[in-house]
Amino acid sequence: MASASPNPARRAVLITGASSGIGAASARVLVERGFRVWAGVRSADAAARLHELGEHCTPIVLDVTDAAQIAAAATTIASDGGLYGLVNNAGIAVGAPLEAIPLDALREQFEINVFGALAVTQAMLPLLRRTRGRIVMISSVQGRLAAPFVGPYAASKHALEALSDALRAELLPSGVDVAIVEPGAVKTPIWERSAKFGSALGDAMDPELRARYADEIAMMLRVSEKFAARGIAPERVADAIAHALSARKPRTRYVVGFDAKVRVAIGSIVPDRARDRLLRAMLKRIALRPD
Ligand SMILES: NC(=O)c1ccc[n+]([C@@H]2O[C@H](COP(=O)([O-])OP(=O)(O)OC[C@H]3O[C@@H](n4cnc5c(N)ncnc54)[C@H](OP(=O)(O)O)[C@@H]3O)[C@@H](O)[C@H]2O)c1
């Protein structure tokens with residue numbers, strides 16, 4: 001993947017998981033708003049698609065679970081102008097009843113969404129310290145309020161939020177700031193990917209567990225379809241990311257989307273047991289909504 005010839009006045013930002021969805025939209029929006037973007041991808045096809053963004057976007061091979069690729073990316077970026085911003089966006093969404101989730105699937109969820117984000121952060125921090133730069137963590141409203149049947153994903157985002165809060169305080173003397181972005185449902189391929197995983201998991205499940213959770217698994221597949229169709233545009237999340245990277249006083253948290261705001265409010269005012277019932281009822285209602 002060839003290096004661009006960047007304008008040195010442009011601040012450089014690395015976005016992980018830039019092949020699709022929020023990452024791809026952010027690459028486009030940040031180039032438009034005057035940043036130089038390093039777009040982390042895992043395939044030559046994804047890199048080729050990003051070339052349409054022009055000379056200010058440089059695809060870079062980056063699987064966040066691959067220590068050698070992370071180190072190589074840090075070396076490349078260091079030798080080509082340094083780094084002002086890091087957007088830890090790469091992620092997968094594993095949903096399943098917790099009674100039935102294979103622990104290896106839970107480990108993979110954490111490997112990408114939590115350990116991957118921290119590994120990239122550790123590698124890029126020496127560069128970010130030099131510029132007193134910014135780190136943006138793409139969490140989710142699930143990082144504030146865990147819904148049933150997406151426990152693995154919600155747990156990974158809660159962990160990411162805890163790491164982000166601790167990191168922000170640890171980095172206070174360095175001038176490097178950390179912002180957390182918490183979107184609700186966004187229209188991206190993650191829903192279809194997650195539903196595919198959920199169906200495969202359902203098929204492989206112990207028959208007794210499958211029978212016990214059959215209705216809930218079917219409900220969650222319907223909910224995924226609805227969110228995939230009705231989620232907000234990824235550019236709305238990209239706007240929040242751009243604000244976190246460029247505002248003089250960025251927020252520590254950006255809750256993006258009406259559904260996310262409602263869920264955060266539910267999390268803070270509704271007592272636990274009532275909330276359990278409410279969340280189940282909300283999922284059922286969304287699944288039954290006509291197309
Ligand atoms: N969509 C939503 O409703 C929503 C809501 C809240 C938060 N989020 C968060 O937003 C972020 C982006 O998700 P999205 O909705 O834009 O989904 P997406 O379109 O599926 O994008 C996920 C990105 O992560 C990349 N990725 C997956 N595993 C990776 C790995 N090991 N190393 C590097 N990259 C990897 C994917 O690359 P490949 O194409 O190579 O697989 C892809 O570029 C995630 O952290 C997600 O949790 C999404």
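In each ligand, atom 1 is the first atom listed, and ligand 1 is the first ligand listed. Reckoned from all heavy atoms, side chains included, excluding hydrogens, waters and symmetry mates. This one's a predicted model, so the numbers in the text were calculated from it and none came from an experiment. Sequential numbering from 1 along the given sequence is applied to the chain's residues.
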Ala185, portion touching ligand 1 at heavy-atom distance under 4.0 Å = backbone
Looking only at N/O atoms, are Ser140 and ligand 1 under 3.5 Å apart anywhere?
-> no
Looking at OG of Ser246 and CZ of Arg134, how far apart are the two atoms once the value is rounded to the nearest 0.5 Å?
-> 7.5 Å
Classify the contact between Ala24 and ligand 1 as side chain, backbone, both or neither, using a heavy-atom distance cut-off of under 4.0 Å.
-> neither
Find all atoms of ligand 1 within a distance of less than 4.0 Å from any non-hydrogen atom belonging to Gly91, and give their numbers and elements.
-> 22 (C), 24 (O), 27 (C), 44 (C), 45 (O)
Does Trp191 approach ligand 1 within less than 4.0 angstrom via side chain, backbone, both or neither, non-hydrogen atoms only?
-> side chain
Check whether any N or O atom of Thr65, backbone or side chain, sits under 3.5 Å from an N or O atom of ligand 1, and answer yes or no.
-> no
Counting from 1 in the order shown, the ligand 1 atoms closer than 4.0 Å to a non-hydrogen atom of Ile112 are 28 (N), 31 (N)
Short N-O contact, Arg275 and Asp272, less than 4.0 angstrom = yes
Test side chain to side chain contact (heavy atoms under 4.5 Å, CB included) applied to Pro148 - qualifying residues, sequence neighbours left out = Leu279, Arg280, Leu283
Identity and distance of the protein heavy atom lying nearest atom 46 (C) of ligand 1 = Tyr153 OH, 3.5 Å
Residue Gly21 vicinity, atoms of ligand 1 by number, heavy atom under 4.0 Å = 16 (O), 19 (O)
Between atom CD1 of Ile217 and atom CZ of Arg210, what is the distance when rounded to the nearest 0.5 Å?
-> 8.5 Å
Check whether any heavy atom of Gly116 sits under 4.0 Å from an atom of ligand 1.
-> no
Is the shortest side-chain N to carboxylate O distance from Arg33 to Asp239 below 4.0 Å?
-> yes
Does Phe227 come within less than 4.0 Å of ligand 1, judged by its heavy atoms?
-> no
Would you please indicate yes or no on a ring centroid separation below 6.0 angstrom for His243 and Tyr254?
-> yes
Could you pull out, from Ala39, Ser20, Gly184, Ala93, the option with a heavy atom nearest to atom 4 (C) of ligand 1?
-> Gly184
Side chains of Ser164 and Asn88: does their closest heavy-atom pair fall under 4.5 Å?
-> no
Taking the side chain as every heavy atom from C-beta outward, state whether Phe227 and Val186 have any atom pair closer than 4.5 Å.
-> no
Going by the order shown, which atoms of ligand 1 are within less than 4.0 Å of some heavy atom of Asp63?
-> 30 (C), 31 (N), 32 (N), 33 (C)
Could you tell me whether Arg28 and Glu235 have a side-chain N and a carboxylate O separated by less than 4.0 Å?
-> yes
At what distance is the nearest protein heavy atom to atom 1 (N) of ligand 1, and which residue and atom is it?
-> Thr188 OG1, 3.0 Å
Tell me which protein heavy atom sits closest to atom 25 (C) of ligand 1, plus the residue, atom name and distance to 0.1 Å.
-> Gly17 CA, 3.7 Å
So does Arg253 pair up with Asp165, basic N to acidic O under 4.0 Å?
-> yes
Please report which non-hydrogen protein atom sits nearest to atom 43 (O) of ligand 1, along with the residue it belongs to and the distance in Å to one decimal place.
-> Ser19 OG, 2.7 Å
Tell me which protein heavy atom sits closest to atom 17 (O) of ligand 1, plus the residue, atom name and distance to 0.1 Å.
-> Ile190 CB, 3.2 Å
Among Glu182, Arg42, Glu108, closest by heavy atom to atom 30 (C) of ligand 1 is Arg42
Do Ile135 and Leu125 touch side chain to side chain, with heavy atoms closer than 4.5 Å?
-> yes
Using heavy-atom distances, let me know which of Gln142, Gln69, Arg193, Glu111 sits nearest atom 36 (C) of ligand 1.
-> Arg193
Part of Val237 with heavy atoms under 4.0 Å of ligand 1, whether side chain, backbone, both or neither | neither
Side chain, backbone, both or neither: the part of Ile22 lying under 4.0 Å from ligand 1 by heavy atom | both
Does Val41 reach the side chain of Leu62, with side-chain heavy atoms less than 4.5 Å apart?
-> no
Atom 7 (C) of ligand 1 [closest protein heavy-atom partner, distance rounded to 0.1 Å] | Ser139 O, 3.0 Å
For Ile138, the atoms of ligand 1 under 4.0 Å from one of its heavy atoms are 9 (C), 10 (O), 11 (C), 45 (O)
Mind telling me whether Phe149 and Tyr213 have parallel, tilted or perpendicular rings, with 30° and 60° as the class edges?
-> perpendicular
Of all protein heavy atoms, the one nearest atom 32 (N) of ligand 1 is Val64 N, 2.9 Å
Best match, Thr16, Asn89, Ile15: closest heavy atom to atom 45 (O) of ligand 1 = Asn89
Ion pair check, Arg212 and Glu208, cut-off under 4.0 Å = yes
